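A quick note: this is a predicted structure, and the numbers were derived from the prediction, not measured.
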Amino acid sequence: MQAGTDSHLNAAWARVRGRLRSELGDAAYRSWLKPLTLAGLTDGELRLSAPTRFMRDWILSHYHDQLTRFWSTEVPQVVEVSVSVEQAHSPTRPRPPRPESGGASHRSKPIPEATNGHDVALDLSAPLDPRFTFENFVTGKPNELAYAAARRVAEAKAVPFNPLYLYGGVGLGKTHLMHAIAWYIRNNQPERRIIYLSAEKFMYQFIRALRFKNTVAFKEQFRAVDVLMVDDLQFISGKESTQEEFFHTFNALVDQNRQIIISADKSPSDLEGMEERMRSRLGWGLVADIHPTTYELRLGILQAKADNLGKTMPPKVLEFLAHKIVSNVRELEGALNRIVAHADLIGRPVTLETTQEVLHDLLRANDRRVTIEEIQKRVAEHFNIKLSEMTSARRARAVARPRQVAMYLAKQLTSRSLPEIGRKFGGRDHTTVMHAVRKVEELRSTDSSFSDDVDLLRRMLEG
Ligand code: ADP
Ligand code: MG
């Protein structure tokens with residue numbers, strides 16, 4: 001490194017520190033970032049060093065994004081920021097002088113030294129989406145309990161219930177609420193340490209820690225937080241050792257009266273592949289479910305999103321969307337974005353006609369949301385056989401034919417794969433479903449009354 005580059009880097013480092021301090025607050029800055037020293041820049045890698053391994057891991061898991069962002073804006077050559085553990089006296093690599101000589105007190109603090117020397121960065125917390133705030137969350141009957149519980153946890157000074165367990169289907173706002181809690185706490189009680197991550201990431205980190213034999217550091221870090229949020233917990237269903245680890249972390253945190261917030265797609269008791277003791281523990285706090293959206297809520301969300309985009313939309317269009325797109329909020333948002341983008345692009349205002357045109361594929365998919373169970377029920381009724389015959393092993397023509405029709409319609413009207421359909425029909429093989437589909441097609445081409453029958457069923461199911 002040349003002398004010129006050196007002072008250039010030092011000046012940049014001072015500015016980066018300034019930004020870190022103002023963005024993270026004095027307390028966090030003093031505890032974690034001030035003790036860092038600048039080690040150099042080579043091939044796009046900006047090297048920093050931390051006094052202990054624990055601090056290094058903590059910094060990487062909490063502040064790596066900011067460090068990288070600030071450094072790369074200050075010094076465009078920086079592609080990556082690495083943090084290593086400082087050598088007590090490094091004779092080989094002279095370091096540039098420190099801009100400040102703080103941080104000594106941190107080094108004398110008893111900080112757990114847990115890893116065995118492998119250079120593993122535990123990147124624990126996931127980034128938060130800036131749009132996922134309480135302000136941007138539209139409430140209605142289906143989500144009012146979950147919203148109230150989330151606010152309560154965010155605003156509380158003491159843990160009001162543990163854990164807070166939020167559950168509901170895909171795209172109904174679980175992740176949004178969790179991020180909102182994290183933002184709120186970050187802004188109002190910045191000294192509370194939060195980890196937010198998906199269960200998948202928890203598992204990934206745990207497996208990594210096992211591989212690099214630094215599970216002690218892994219545990220330390222999870223157990224040093226005030227608020228632990230784990231999203232999509234169902235992911236660790238059936239993953240025994242991860243569950244075990246999570247269970248211990250969970251208990252340790254609850255014992256120390258730290259807040260835990262969980263989300264999942266099912267209620268604790270319905271989480272299959274989850275150990276019984278875990279399921280029961282999960283239900284100890286407050287369990288709040290988010291129900292599927294209602295028309296009113298969908299309309300409210302659309303209005304709020306349109307306002308956020310700074311667009312005035314014809315009420316007819318919003319009503320139409322709220323009616324038609326019932327699956328989840330993510331699709332609703334996607335639809336709105338698409339029509340807005342389209343209108344901007346062609347420079348004409350949004351109308352009901354353009355909306356239908358732009359969204360035809362999405363609308364069709366939403367129209368067709370028929371379940372295999374409904375198909376089986378309708379077909380059984382139509383042919384006057386018992387519903388249980390749909391899954392039975394009987395091969396008599398009187399039940400086998402209707403069953404084949406139901407399989408055929410399942411293939412036509414749902415997006416399920418052949419094996420999935422087979423499973424729903426009493427665990428039949430996918431080749432059986434394929435055979436049924438062919439058989440029905442063949443019959444339709446030769447027997448027009450049969451074909452009319454199938455069409456009638458199809459229309460009933462679609463309507
Ligand atoms: P989940 O985690 O339950 O699958 P998300 O929280 O990711 O769902 O929500 C999907 C999308 O829908 C996000 O963009 C989120 O902001 C939005 N969303 C969901 N519910 C609401 C709501 N009540 N108000 C505003 N936006 C919402
Ligand atoms: Mg989610």
Side-chain angles (χ1 to χ4, degrees), residues 9 12-85 103 119-133 136 175-176 178-206 208-209 217-218 220-222 224-232 261:
L9 266 193
W13 182 213
R15 286 192 298 275
V16 168
R17 289 165 151 243
R19 291 183 67 180
L20 288 167
R21 178 182 232 138
S22 66
E23 176 141 320
L24 305 167
D26 226 29
Y29 173 79
R30 272 207 316 273
S31 321
W32 301 108
L33 295 146
K34 201 172 165 200
L36 283 176
T37 52
L38 180 62
L41 171 67
T42 345
D43 299 332
E45 183 192 359
L46 189 283
R47 284 170 289 111
L48 299 171
S49 50
T52 67
R53 190 162 288 134
F54 179 77
M55 289 186 89
R56 188 267 321 262
D57 291 344
W58 188 268
I59 288 157
L60 286 174
S61 66
H62 289 76
Y63 307 115
H64 190 234
D65 286 351
Q66 281 107 326
L67 279 168
T68 314
R69 190 148 42 84
F70 292 163
W71 264 112
S72 56
T73 35
E74 287 296 339
V75 184
Q77 295 96 296
V78 173
V79 201
E80 212 199 323
V81 174
S82 67
V83 183
S84 56
V85 182
D119 189 26
V120 187
L122 290 178
D123 177 27
L124 295 176
S125 208
L128 300 174
D129 190 316
R131 295 165 309 158
F132 291 1
T133 60
N136 287 340
T175 298
H176 188 136
M178 290 185 109
H179 286 210
I181 297 172
W183 283 123
Y184 189 96
I185 297 177
R186 218 188 242 187
N187 291 333
N188 293 281
Q189 292 173 270
E191 67 288 353
R192 289 177 89 186
R193 287 153 303 174
I194 308 173
I195 289 184
Y196 163 85
L197 83 180
S198 65
E200 182 174 11
K201 194 159 180 200
F202 180 88
M203 181 172 100
Y204 171 75
Q205 297 297 356
F206 175 57
R208 247 171 87 107
F218 175 85
E220 292 282 351
Q221 291 179 73
F222 274 104
V225 299
D226 298 301
V227 184
L228 174 64
M229 304 194 192
V230 181
D231 206 349
D232 289 320
I261 302 157

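Atom CG of Asp43 has 12 or fewer heavy atoms from other residues, nucleotides or ligands within 6.0 Å.
For the atom pair OG (Ser198) and CE (Met203), the distance works out to 10.0 Å, reported to the nearest 0.5 Å. Taking OG of Ser61 as the start and CZ of Arg56 as the end, the distance is 10.5 Å to the nearest 0.5 Å. How far CG of Leu41 is from CG of Leu9: 5.5 Å, rounded to the nearest 0.5 Å. For the atom pair CG (Leu33) and CZ (Arg19), the distance works out to 13.5 Å, reported to the nearest 0.5 Å.
For the ring-ring contact (aromatic ring centres under 6.0 Å, His included) test, no residue two or more places apart in sequence or in another chain qualifies with Tyr184. With sequence neighbours left out, the side-chain hydrogen bond (donor to acceptor under 3.5 Å, both in side chains) criterion links Ser72 to no other residue. Under the rule for a side-chain contact (heavy atoms from CB on, under 4.5 Å), the partners of Thr175 that lie at least two apart in sequence or sit in another chain are Phe132, His179, Tyr196, Asp231.
With a 4.5 Å cut-off on side-chain heavy atoms, Leu38 and Leu46 count as touching. In this structure the side chain of Trp71 reaches within 4.5 angstrom of the side chain of Leu48, judged on heavy atoms. Asp226 places none of its side-chain heavy atoms less than 4.5 Å from the side chain of Gln189. Looking at Leu197 and Leu228, their side chains come closer than 4.5 Å, going by heavy atoms from C-beta outward. Counting heavy atoms from C-beta on, the side chains of Leu20 and Leu67 come closer than 4.5 Å. Glu200 is not listed as a side-chain neighbour of Asp232, based on a closest heavy-atom distance of 4.5 Å or more. No side-chain heavy atom of Gln205 sits under 4.5 Å from any side-chain heavy atom of Gln221.
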- Query: Taking it one step at a time, do Arg47 and Thr42 satisfy side-chain hydrogen bond (donor to acceptor under 3.5 Å, both in side chains)?
  - Reply: CA-CA 8 Å; Arg47 284 170 289 111; Thr42 345; 2.7 Å; yes
- Message: Working note: Val81 + Tyr63, criterion side-chain contact (heavy atoms from CB on, under 4.5 Å); need CA distance, chi angles, decisive distance, verdict.
- Response: CA-CA 11 Å; Val81 174; Tyr63 307 115; over 6 Å; no
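With hydrogens and angles ignored, the 3.5 Å screen pairs a side-chain donor or acceptor of Asn136 with a backbone N or O of Arg131. With His176 contributing its side chain and Thr133 its backbone, the two residues share a donor-acceptor pair below 3.5 Å.
Smallest separation of non-hydrogen atoms from Ser82 and Glu45: OG-OE2, 2.6 Å. Taking all atoms of both residues into account, the shortest heavy-atom contact from Ile181 to Met229 is CG2-CE, 3.6 Å. Considering every non-hydrogen atom in both Val79 and Thr68, the closest pair reads O-CG2, 4.0 Å. Looking at every heavy atom in both residues, Ser125 comes nearest to Ile194 through OG-O, 4.0 Å. Closest of all the heavy-atom pairs between Ala182 and Leu128 is CB-CD1, 3.7 Å. Here the closest heavy-atom approach between residue Met178 and residue Ile261 is recorded as CE-O, 3.3 Å.
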